[in-house]
Amino acid sequence: MGKTVGAPILEVEGVSLSFGGVVALQAVTFDVREHEIRAIIGPNGAGKSSLLNVINGFYHPQQGSISFKGRRRRQVDPHEAAQAGIARTFQNIALFRGMTVLDNLMTGRTLKMTSNFLQQALYWGAARREELEHRAKIEEVIDFLEIQHIRKTPVGRLPYGLQKRVELGRALAAEPQLLLLDEPMAGMNLEEKQDMCRFILDVNDQFGTTIVLIEHDMSVVMDLSDRVAVLDYGRKIADGAPDEVRRDQAVIDAYLGVAH
Amino acid sequence: MTHLLYSIFVDPFVQMGAAPDLLAQTLWEGLVSGVLYALIALGFVLIFKASGVFNFAQGIMVVFSALTLVGLNEHGVPAYLALALTVVVMLVLAFAVERVILRPLVNQPDIILFMATFGLTYFLIGLGELIFGGDPKVMISDQLRLPGGSYRIPMLGGYVQMQKIDIAATVIASLMVAALAIMFNRTRIGRALRAVADSHKAALSVGISLEQIWVIVWFAAGIVAIATGIMWGARSNVSFALEIIALKALPVLILGGFTSIPGAIIGGIIIGVGEKIGEFYWGPLLGSGIESWLAYVIALVFLLFRPQGLFGERIIERL
Amino acid sequence: MLYREVGQYKTSYGADQALFPILQDRIGIAVILLLAFVGVPLTASSFTIDSILIPVLVLSLAATGLNLLTGYTGLLSLGTGGFMGVGAFACYKLTTFFPNVNIIVLILCSGFFAAAIGTVFGLPSLRIKGFYLAVATLAAQFFLSWCFIRVAWLYNYNVSASIEVPTKTLFGLAVTGPTASPVTRYLIVLSIVALLTLMAANLVRGRIGRTWMAVRDMDLAAELIGIRLYQTKLLAFAVSSFYCGVAGAMMVFLWLGNAESESFNINQSFLILFMVIIGGLGSLLGSFLGAALIWGLPIVLRAAPAFFGVSIRSATAEQASFVIVGALIIFFLIVEPRGLARLWQIGKQKLRVWPFPY
């Protein structure tokens with residue numbers, strides 16, 4: 001691979017989450033090392049998206065803590081998470097449908113824009129400079145993801161595969177240190193999946209971004225990831241290199257639905 | 001300062017205790033207006049429950065139906081025939097609304113449909129004024145054989161006066177609510193209505209005719225509107241000012257939820273009673289006319305504690 | 001063919017992001033501004049200025065304010081009339097307290113009062129969303145309407161509970177009050193509206209506009225990107241109310257010359273909302289188009305019968321205009337839910353390829 005995986009950048013410790021009577025996560029502990037590609041797999045309803053939501057601060061767990069870059073929190077504040085450098089994509093695309101691709105990507109850079117209200121209203125000084133600076137940065141992302149031709153298209157009009165790509169672009173626009181991808185290849189055909197794999201690998205390779213990936217397609221998981229964690233009914237049942245996990249009996253049972 | 005605190009937190013209750021019959025009277029008045037608000041809210045609930053549309057025009061439908069009734073009578077049509085004809089008019093209106101507004105807009109987001117009902121409101125206001133003129137009219141209570149006069153009931157050291165028409169209104173409203181609740185929950189049509197409210201596409205796919213359902217439900221709302229119009233008109237008179245009063249149904253819906261028939265009644269009563277008590281005992285502190293906004297503030301306060309209303313379903317947002 | 005962009009290359013991001021990147025648009029705007037600032041004062045009649053141009057400009061500003069809140073940020077508001085009233089009464093009180101300060105300064109300051117009140121009534125937006133928030137704005141509207149009657153201090157204890165505008169001058173010319181000429185008032189209104197619209201356009205295409213639209217489209221995702229929802233919503237309330245407040249102050253001081261509390265009641269709120277709906281939610285151009293249509297329609301209706309030699313009572317024309325406006329709203333929502341502005345855009349698209357069909 002030619003990359004060096006560093007120390008743990010994200011540590012999830014003993015996180016338990018439930019909604020009313022439904023237990024989504026039970027004492028889940030896992031870590032993510034810097035620069036690695038970490039996959040989370042498991043049958044449907046295992047709590048994978050909930051885990052990402054907890055890391056992001058969208059859900060607050062009843063127990064446990066999340067440490068990112070050394071800062072430990074019981075409950076993550078979404079704004080703080082974004083500031084600290086966590087970005088993500090969503091299972092059911094969460095793009096801003098009323099805006100163009102360009103605008104969606106620009107929203108990804110909101111936190112980096114600091115011009116005040118008056119400067120914005122007069123489009124003067126820092127406001128103008130920022131717009132142009134960040135536009136230049138966005139264009140790099142656009143080039144990287146090969147979406148130049150749809151820059152000014154309202155995202156609502158794009159086909160599903162391209163929307164997913166734009167969503168990745170919005171996350172990348174924030175120049176995150178940790179990228180959370182929730183089923184980035186769901187609903188894609190083979191070609192689109194290959195493109196997406198290529199992008200994910202390039203992001204990890206060129207920018208050194210740490211990636212946590214939820215995915216169902218086993219071949220993708222085996223190819224891309226450095227380590228894999230397996231969730232089932234909210235509990236972590238396996239954790240390790242892809243090959244080990246694939247042969248783990250508990251994992252096989254979980255996917256085949258054997259009572260356990 | 002203590003005088004201010006006293007007059008807000010203590011004095012009104014002292015006054016309530018000093019004249020309990022007056023309190024009972026105020027409570028009764030509040031109950032009655034609450035029931036009438038609830039009737040208007042009921043019209044909203046019916047349409048919302050079955051089509052997901054917030055029918056802003058419900059208020060004007062109340063006025064329009066009352067105007068039609070009185071207008072026909074003015075032209076010499078006997079009262080009960082006029083009533084029957086008004087029912088027909090509301091049926092025609094239901095068909096027209098379904099054909100012209102609902103069908104073309106079937107897949108649009110709710111906000112668009114809501115705004116279409118704005119358009120309908122203005123349309124009916126203009127039409128009503130053109131046909132019947134803009135002056136307030138007197139409801140034909142006598143011709144409809146609605147009970148007049150009042151009972152004077154001695155109680156609590158004084159007496160409470162109850163207008164017979166108010167009692168009739170309460171009874172009729174309760175009957176209507178019961179009938180509608182039964183229809184929604186026990187009959188096949190009711191089930192179809194609930195299916196349509198949940199998802200148009202799914203309902204279509206099981207063979208429910210959306211058009212039929214919508215006509216039925218707008219017609220039902222029209223009937224409720226007629227009843228409301230008669231009751232309101234009998235207590236005051238029939239004018240376009242009633243349209244604004246219909247906006248009061250909104251706080252009722254907030255409290256009671258947009259899809260709950262019993263909720264509309266309970267919400268209506270809370271708002272009606274709250275308003276009257278607030279106006280009577282706390283009004284003098286602030287000046288008159290606080291009932292123009294008190295209901296909304298009550299609803300607002302409720303919303304701050306329960307953003308989905310008293311009976312509304314908690315919305316769990318998923319990402 | 002007229003509208004082809006061929007040959008107009010943008011060689012910098014700045015040029016691409018300009019307000020009017022297409023040359024034909026720039027020429028068009030220049031022409032419109034020229035007509036507005038120079039052509040109208042020279043050629044239009046006082047009637048046109050007083051009854052059509054000034055009202056449409058003032059109402060467009062209010063519609064812009066509402067559009068920022070409802071169209072761009074997705075927060076439905078039924079309190080527009082009330083916020084306009086706050087601006088109007090604030091301006092009136094300011095002229096009472098500071099009779100020697102320039103009236104334009106006072107008009108702009110009264111916007112800030114409206115912004116403050118608007119922010120207060122926007123506070124519930126933290127907990128309450130969507131349609132329920134609209135009811136909170138209704139509470140604001142009815143409460144403010146009540147204040148405009150009950151709080152006599154606002155109209156200087158005038159017995160008739162209305163306010164009369166004093167004569168104010170600027171550079172020796174009367175600009176408000178009975179002696180101010182329509183042209184003077186028109187030019188001031190035009191300048192203020194042009195300036196504030198420009199600011200709105202800048203806001204909307206920049207970071208703030210994007211955060212507003214993000215909140216409108218998917219607030220949960222916006223939050224996870226790091227956008228602070230509460231502050232974004234409150235800012236929208238504040239800016240929107242500022243615009244409505246200035247519009248209200250202008251309505252009293254530069255258009256009607258007087259006002260009473262009824263001028264700022266719930267019907268005013270609905271009127272502005274219709275303008276925004278028909279004109280196009282989320283479009284600044286739409287605010288102007290909607291205002292022009294809704295204001296102009298009754299005037300056309302009243303004039304049309306006379307034009308054809310038929311006489312109709314003005315009350316009937318008024319009622320007919322209700323019917324037609326109502327029908328128009330429904331018609332537009334069916335045909336083009338995104339309003340006149342969208343129709344305009346489609347028209348421009350067709351112009352691009354005209355005379356070819358596609």
Side-chain angles (χ1 to χ4, degrees), chain B residues 54 56-57 97 100-101 103-105 108-131 133-134 244 247 250-251 253-254 258 286-301 303-309 312 315 317-319, chain C residues 70 74 76 78 121 123-124 126-147 149-151 218-221 223-224 265-267 270 273-274 276-278 281 315-316 318-335 337-338:
Chain B
F54 184 81
F56 189 76
V97 164
V100 173
I101 299 182
R103 216 184 283 186
L105 290 175
Q108 296 284 354
D110 294 334
I111 189 85
I112 300 281
L113 284 159
F114 169 59
M115 296 189 192
T117 60
F118 260 110
L120 180 63
T121 305
Y122 264 62
F123 184 83
L124 286 176
I125 290 180
L127 195 63
E129 277 185 357
L130 273 177
I131 301 179
I244 297 300
L247 280 177
L250 284 175
L253 289 167
I254 288 178
F258 282 74
L286 289 167
S288 64
I290 69 173
E291 51 187 21
S292 66
W293 50 265
L294 191 57
Y296 296 96
V297 172
I298 295 177
L300 185 57
V301 170
L303 273 181
L304 288 172
F305 291 105
R306 273 187 75 93
Q308 66 279 12
I315 309 165
E317 314 219 23
R318 305 208 57 176
L319 209 59
Chain C
T70 300
L76 180 59
L78 293 170
F121 281 107
L123 288 173
L126 174 63
R127 295 268 294 170
I128 311 175
K129 291 176 108 166
F131 189 73
Y132 295 117
L133 186 61
V135 177
T137 59
L138 262 186
Q141 170 65 58
F142 285 119
F143 178 73
L144 289 170
S145 277
W146 178 81
C147 285
I149 305 181
R150 293 286 322 166
V151 182
M218 199 168 273
D219 53 354
L220 298 172
E223 205 181 5
L224 291 174
N265 63 10
I266 185 82
N267 290 314
F270 287 142
L273 184 61
F274 294 156
V276 169
I277 295 176
I278 287 193
L281 284 165
T316 317
E318 184 90 16
Q319 292 150 4
S321 72
F322 268 80
V323 171
I324 295 184
V325 166
L328 266 182
I329 292 179
I330 297 177
F331 173 74
F332 268 106
L333 288 172
I334 294 176
V335 160
R338 284 178 287 169

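Throughout, a chain's letter reflects where its sequence line sits, starting with A, and its residues are numbered from 1.
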Say you draw a straight line from CG of C:Asn267 to CD1 of B:Ile125; how long is it, rounded to the nearest 0.5 Å?
7.5 Å
Check each atom of C:Leu273 against the heavy atoms of chain B and say whether the ones under 4.5 Å are side chain, backbone, both or neither.
side chain
Contact list for residues 323-333 of chain C, test side chain to side chain donor-acceptor pair (under 3.5 Å), sequence neighbours left out:
none
Heavy atoms from other residues, nucleotides or ligands near CZ of B:Phe114 exceed 12 (cutoff 6.0 Å):
yes
Please look at C:Leu333 and chain B and tell me whether the side chain, the backbone, both or neither of the residue comes under 4.5 angstrom of a heavy atom of that chain.
both
Greatest number of non-hydrogen atom pairs under 4.5 angstrom with chain B, of C:Ile278, C:Ile330, C:Ile329, falls to C:Ile330
Apply side-chain hydrogen bond (donor to acceptor under 3.5 Å, both in side chains) to C:Ser145 and list each qualifying residue two or more places apart in sequence or on a separate chain.
C:Gln141
Atom group of B:Leu105 that falls short of 4.5 Å from chain C, counting heavy atoms
side chain
In Å, rounded to the nearest 0.5 Å, how long is the span from OG of B:Ser292 to CD1 of C:Ile149?
7.5 Å
Testing the basics here: between C:Val323 and B:Gly126, what is the closest heavy-atom pair and its distance to 0.1 Å?
CG2-C, 3.3 Å
Mind checking whether C:Phe274 and B:Phe118 have parallel, tilted or perpendicular rings, split at 30° and 60°?
perpendicular
Between CZ of C:Phe331 and CD1 of B:Ile101, what distance do you get to the nearest 0.5 Å?
14.0 Å
OH of B:Tyr122 to CD1 of C:Ile324: how many Å apart, nearest 0.5 Å?
15.0 Å
Applying a strict 4.5 Å limit to non-hydrogen atoms, the region of C:Leu76 in contact with chain B is side chain
Where is the tightest heavy-atom contact between C:Ala139 and B:Trp293, given as atom of each residue plus distance?
O-CB, 4.5 Å
